[in-house]
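Take a look at the structure below.
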Amino acid sequence: MSESLSAATAFFVGHGGDEIEAYLARPAGEGSRGGVVVIHHMPGYDRSTKEIVRRFAELGYDAVCPNLYWREAPGAAPDDAAATARANGGVPDERLIGDVAGAAGYLRSLPTSNGKVGVIGYCSGGRQSVLAACNLDLDAAVDCYGAFVTGTPPEGFPLKVTNLVDQLTNLRCPLLGLFGKEDSHPSPEQVAELDEILTADHKPHEFHSYDDAGHAFFAVDRPAYRVAAANDGWERITTFYSEHLGG
Amino acid sequence: MCTYATVQTALDGSAKGPGGSWFHVTDGTIYFDHPVHAMAEHTLNIDFADPTKGPSARVALELTAASARSLIAAIETALDSAPAELTD
């Protein structure tokens, strides 16, 4: 396989028929391959997220990250866009689902697509990855330490986030969960609750919780970065997607 | 974690923002969550903004919890040190 890849800004139609910006990275060459939708974390459509998108292209997938804040702040710096989106109350779940649906459809429309699309999200995007997998026809989902998949948000949260417990029965694809044992959101107890719910419902899933890792251990530009957990996590993701998005 | 918690308040003042230009501040958004730049897992973040001028009309602060509390105390000390008739 060639190590060459290309990356560019793309546009596709997301929720409500809105055209939104996205970052697209693709391996060179024709062939047939799976696609990955990367859901950025709450700080936005930033450099570190785009590096993740390129890594999936390097792994052999067509990968795209929709700019979830495009409507509030088109063309703004990622941190300014994130601040604007937060001040406006965050990304509604319905809109997230529509935007991921647009991203998945865009990937499947590429001439290189094998029809299979996975989703992955970090932090708030971890919850959104599970949300998308409960509502859309996807082939594999990865939740990296998403809070409030289970558990109850404190009262008075200005951002209207709810847990996904009542949606988990609709999970349509295998789920890989990667968590830090020192994280409090999601806590080990909340991860165990999610594991129990999915096991009881016969939903295929695979969870890994790492010692000496808290929240955001994949984030190479933050103090939370934990190299051992991140390296093993990338190995798990690579194997999981190879199994479910290959062919 | 992403705390999601966000507190907003109306403000009336000015800030020196992008490009070294001053702008009128109308809104403050305050939240305790991941910073963009500070070397801490969580910080008290304040955005001083004028939303009518677009997303870049913003001065951002990311403070550790201890320094945020220190700032609150310093602001109160400064206000209390001024004649009451000036700060009512």
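In what follows, every chain begins at residue 1, and chains take the letters A, B, ... in the order their sequences are listed. Note: hydrogens, waters and symmetry copies are ignored here, and every other heavy atom, side chains too, is used.
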Q) Checking side chain to side chain contact (heavy atoms under 4.5 Å, CB included) for the pair B/R58/A/T84: CA distance, chi angles, key distance, verdict? A) CA-CA 9 Å; B/R58 180 175 79 107; A/T84 300; 6.0 Å; no
Q | Heavy-atom proximity to chain A below 4.5 Å, by part of B/A40 | A | backbone
Q: Against chain A, label B/S56 side chain, backbone, both or neither, depending on which of its atoms sit under 4.5 Å from a heavy atom there.
A: both
Q | Qualifying residue, where the test is side chain to side chain donor-acceptor pair (under 3.5 Å) with A/R86 and the options are B/D47, B/D33, B/T29 | A | B/D33
Q: Check each atom of A/A76 against the heavy atoms of chain B and say whether the ones under 4.5 Å are side chain, backbone, both or neither.
A: side chain
**Q.** More than 12 heavy atoms of other groups within 6.0 Å of A/E94 CD
**A.** no
(Q) I'd like to know whether the aromatic ring centres of A/H41 and B/H34 sit less than 6.0 Å apart in this structure. (A) no
Q | Part of A/A216 within contact of chain B (heavy atom distance under 4.5 Å) | A | neither
Q. Are side-chain heavy atoms of B/H37 and A/D79 found at a separation under 4.5 Å?
A. no
Q. If you take all heavy atoms of A/E72 and B/P55, which pair is closest and at what distance?
A. O-CG, 4.3 Å
**Q.** Contacting moiety of A/D221, where chain B heavy atoms sit under 4.5 Å
**A.** backbone
